[in-house]
Amino acid sequence: MADFLNDLNDKQREGATQTEGPTLIIAGAGSGKTRVLTYRVAQLMQQDVDTFRIMCLTFTNKAAREMRERIEKLVGTNARDLWMGTFHSIFARILRFDGNRLGYESNFTIYDVEDSKSLLKSIIKELNLDDKLYKPGAIFSRISSAKNSLISPQAYQEDPVFYEHDLAARRPETGKIYQIYANRCFRANAMDFDDLLYQTNVLFRDHPDILHKYQHRFRYLLIDEFQDTNISQYLIVKRLSAVHQNICVVGDDAQSIYAFRGADIRNILNFERDYPDLKTIKLEQNYRSTQNIVKAANSLIVHNRNQLHKEVWTSNAEGEKIAIIKAGTDSEEARLVATSIFEQRNLHGLPFNDFAVLYRTNAQSRALEEAMRRANIRYRIIGGLSFYQRKEIKDIIAYLRMAVNPQDEEAIKRSINNPKRGLGNTTMNKVLIASRAHDVAVWEVVRAPDKFLKLPTRTVNVLESYATMIEAFGIAAKEKDAYTVASLIAKESGLVKMFFDDDTLEGKNRYENVQELLNATREFVDNPDNENKKLSDFLQEVSLITSGDEASEDEDAVTMMTIHAAKGLEFPHVYAVGMEEELFPSSRMLESREDLEEERRLFYVAITRAKQRLTLSYALQRYMYGNLRPCEPSRFLYELEPTLLNTYQPGRASGAAVSRDPITNFIRHQQERKNKQNVTDATKPIQNKHFQPDDYKEIEEDMRVEHPKFGIGTVKMIDRNHTGRRALIDFDKVGDKTLILSFAKLRIHYE
DNA sequence: ATACCACTTGCCTGC
DNA sequence: CAAGTGGTAT
């Protein structure tokens with residue numbers, strides 16, 4: 001029965017079998033953490049814990065699906081009652097049940113980022129604020145981080161710290177916008193992504209009976225990728241586990257890469273503080289990668305200061321060294337990567353599925369796609385503009401949303417004059433103003449315009465016929481399955497005809513995409529795993545799609561995606577491209593050490609995706625904003641242990657200034673760079689663009705610092721009486737030196 | 001009300 | 001380079 005546990009090593013088994021009490025599993029990359037979670041759930045089920053008492057939170061829907069399948073295989077029973085899914089989908093479900101206690105109807109809409117920004121844009125306009133200063137995106141991220149820290153609109157407006165911050169950014173009205181935004185979402189019976197967590201917290205906080213219900217229902221809580229949870233998520237699980245304390249979190253602080261959307265690494269670093277009885281298990285053996293890859297990853301991550309100690313090791317083969325590709329331009333880089341993939345495939349008879357190309361930004365995919373097409377390499381792109389973000393799809397979805405929740409203001413705006421019905425901005429503005437003046441949902445005005453304002457008869461008729469149509473859709477949505485309703489709506493709304501009548505290539509494409517959407521609803525309805533097949537269920541699933549959900553591995557193709565999207569995945573052959581300063585690390589991440597460390601963790605994630613072979617590439621010039629700009633190799637490349645990188649082979653391209661060998665030697669580049677530096681050092685002390693000294697005021701005793709000439713050393717003493725501060729530094733290579741801090745260019749060295 | 005064109009703006013990452 | 005905006009002609 002329980003013999004499946006033999007598949008695990010000692011540490012893993014400990015993690016899988018010690019099911020009671022709070023547990024923290026620190027799991028290095030490739031150490032089998034998903035496996036432990038899977039086996040732990042299987043173990044619980046073996047112990048006759050009712051499946052519906054287990055909640056397991058994953059980072060993507062795909063991970064949840066796969067884990068469920070593996071569990072079913074292990075225990076041989078159906079795991080349908082298991083509450084397994086992403087934070088957002090699980091808590092959206094709870095809010096559908098009990099959100100009425102907060103005044104939401106169970107058919108609430110989930111606003112995506114575009115909806116949120118569009119709403120903010122109209123609020124900013126209504127308040128007559130300067131849209132140069134009040135950028136919807138900037139306001140949105142303020143609101144988002146407020147919600148993720150559980151700051152209500154009211155608390156936000158009363159807090160002087162937020163006010164000062166917004167005032168400094170010349171956006172003093174941000175708090176007011178937040179308040180109006182929240183009101184408008186509520187009136188539209190809509191929640192944004194952050195609300196799904198925020199409102200769950202409010203629900204649990206203000207309605208103890210409901211919290212009590214769920215606390216007693218879920219006896220076991222398991223959370224994957226815990227390093228990427230935010231405060232709001234953490235508080236939910238803390239509340240839920242308060243009674244039974246059976247909370248098991250699994251994560252790797254070295255792979256925390258979502259701070260920009262509120263993830264707080266302190267959740268994992270401080271977990272012990274909240275659970276004094278905590279049992280901590282470290283998984284340090286890597287089963288995924290070669291020794292060279294593991295070592296390279298380790299050599300990089302030691303440069304981060306903020307981390308838990310762990311030593312990831314592997315007993316796998318040494319493997320190939322890390323290859324470095326140096327290219328002239330981004331398009332050459334793409335071509336060299338394509339060539340390399342092609343060669344490797346032919347050389348070893350590998351499927352394209354074995355290869356992944358990872359980049360920092362989605363914009364980088366363009367050049368790569370072109371190169372792949374030219375080299376006749378099949379590829380699939382994960383992320384980027386997803387199917388559901390396409391204009392024509394959003395057009396249809398707006399109607400589907402209206403059918404489920406006609407209060408949905410953003411859906412009204414999108415659908416009311418599309419296809420064209422002669423309802424332009426003028427009318428719409430009047431409607432919006434009336435809805436605000438009477439404090440009713442926009443829908444109420446649209447449905448009965450005469451009650452609220454004066455409009456030409458013709459316009460009133462158009463509005464009324466639109467409303468009648470939506471109401472008919474609404475009735476259909478209640479009675480029929482998602483596919484039937486979606487087909488009806490596509491036809492009756494006139495959108496299908498509109499796309500069909502468009503004879504351009506683009507129009508044809510759109511028409512096909514709409515058909516594709518209808519296929520998706522059909523598949524949704526036909527899928528036996530889906531218990532509920534209504535349109536509202538379909539929309540719920542669509543709005544909470546996570547990156548990678550749409551990918552199918554049926555076709556043999558190279559996978560291309562951002563490093564963020566690659567989290568949790570692995571490939572035999574990985575190419576990480578665009579290893580350049582300002583791109584990776586991103587230019588926006590150079591300011592603070594925290595940001596830079598996050599970029600480094602991101603690179604760590606990229607490296608550790610590779611099982612057998614890792615190739616890194618960079619270009620000397622790259623197109624940006626439509627023109628070619630010079631680039632420098634990423635500082636991260638210099639942080640890798642040089643002996644792990646593939647070395648220059650003198651037999652090939654000897655002596656030549658420009659190598660014809662496509663895989664040119666990074667070491668040589670590094671050498672050239674060093675030589676150049678030394679020359680400059682002799683004449684002008686420090687003119688190294690790369691060497692950015694830290695503010696000398698930050699340097700303190702016992703710190704490790706780096707001097708461009710003397711190298712790395714330890715600060716032994718600082719004489720603060722001396723003007724400009726004098727410091728005694730013991731350099732590893734040249735011994736003691738006394739330097740005037742305000743003159744010496746020193747960089748703080750974190751190790 | 002709408003269609004089209006010149007002009008500006010910005011490329012992180014994503015539930 | 002490409003999406004979005006604002007102005008103008010129809």
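The chains referred to below are lettered A, B, ... by the order of the sequence lines, with proteins before strands, and numbering in each begins at 1. A quick note: this is a predicted structure, and the numbers were derived from the prediction, not measured.
Taking side-chain N and O atoms only, N417(A) has a distance below 4.0 Å to OP1 or OP2 of dT2(B). For K121(A), a side-chain nitrogen or oxygen approaches OP1 or OP2 of dT5(C) to under 4.0 Å. Side-chain N/O atoms of T546(A) include none lying less than 4.0 angstrom from OP1 or OP2 on dG14(B). OP1 or OP2 of dA1(B) sits under 4.0 Å from a side-chain N or O of T427(A). Look at N362(A) and you'll find a side-chain N or O under 4.0 angstrom from OP1 or OP2 of dT13(B).
K567(A) has a carboxylate O that lies under 4.0 Å from a charged side-chain N of D228(A), or vice versa, which qualifies the two as a salt bridge. Ion pairing between a basic and an acidic side chain is recognised when a charged N comes within 4.0 Å of a carboxylate O; E410(A) and K413(A) show such pairing. Using a 4.0 Å cut-off between charged nitrogen and carboxylate oxygen, R366(A) and E369(A) do not count as a salt-bridge pair. The residues D502(A) and K508(A) are annotated as not salt-bridged, no charged nitrogen and carboxylate oxygen being separated by less than 4.0 angstrom.
In this structure, L602(A) places its CG atom 10 Å from P of dG14(B), rounding to the nearest Å. We find that CZ of F193(A) is positioned 15 Å from C1' of dT13(B), with the value rounded to whole Å. Between I257(A) atom CD1 and dT13(B) atom C1' the separation is 8 Å, expressed in whole Å. Between the CG atom of D549(A) and the C1' atom of dG14(B) there is a distance of 12 Å, given to the nearest Å. Put simply, CZ on F584(A) is 12 Å from P on dT13(B), counting in whole angstrom units. The distance between atom CD of E370(A) and atom P of dC1(C), rounded to the nearest whole Å, is 11 Å. Between D112(A) atom CG and dC15(B) atom C1' there is a gap of 10 Å when expressed in whole angstrom units. Rounded to whole angstrom, the span from the CE atom of M561(A) across to the C1' atom of dG14(B) amounts to 15 Å.
At the heavy-atom level, T426(A) lies under 4.0 Å from the strands shown only through sugar-phosphate atoms. Residue-level contact check: I110(A) touches neither bases nor backbone, having no heavy atom under 4.0 Å from any strand.
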Polar atoms only, N or O, under 3.5 Å: list the protein pairs with nucleotides 5-11 of chain B and their distances.
| unit_1 | atom_1 | unit_2 | atom_2 | d |
| --- | --- | --- | --- | --- |
| dG10(B) | OP1 | K135(A) | NZ | 3.4 |
| dC11(B) | O3' | R588(A) | NH2 | 2.7 |

Scan nucleotides 6-10 of chain C against the protein and return all N/O pairs shorter than 3.5 Å with their distances rounded to 0.1 Å.
none

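Across the interface with DNA chain B, nearest-nucleotide mapping of K420(A) and S543(A) shows K420(A) to be the residue nearer the 5′ end. Residues F59(A) and S587(A) each lie close to DNA chain B; by heavy-atom proximity, the contact nearer the 5' end of the strand is made by S587(A).
Aromatic ring pairs are classed by plane angle as parallel below 30°, tilted from 30° to 60° and perpendicular above 60°; the pair F108(A) and Y104(A) is perpendicular.
With C1' as the reference atom, dT13(B) and dG4(C) are 22 Å apart, rounded to whole Å.
Applying the side-chain hydrogen bond (donor to acceptor under 3.5 Å, both in side chains) definition to pairs two or more places apart or across chains, those involving residues 128-143 of chain A are R142(A)-Y156(A), R142(A)-H165(A), R142(A)-D166(A).
Checked by distance alone, R261(A) brings no side-chain donor or acceptor within 3.5 Å of a matching partner on the base of dT13(B).
Partners of D549(A) according to the salt bridge (Lys or Arg N to Asp or Glu O under 4.0 Å) rule, which considers only residues two or more places apart in sequence or in another chain, do not exist here. Applying the side-chain contact (heavy atoms from CB on, under 4.5 Å) test to E599(A) and every residue at least two apart in sequence or in another chain returns R360(A), F584(A), P585(A), S586(A), M589(A), L602(A), F636(A). Checked against side-chain contact (heavy atoms from CB on, under 4.5 Å), Q540(A) has the following partners two or more places apart in sequence or in another chain: A92(A), R96(A), I110(A), L544(A).
Looking only at atom types and distance, the side chain of T361(A) has a donor-acceptor partner in the side chain of Q364(A) under 3.5 Å away.
Ranking dA2(C), dG14(B), dC15(B) by closeness to the R366(A) side chain, first place goes to dA2(C).
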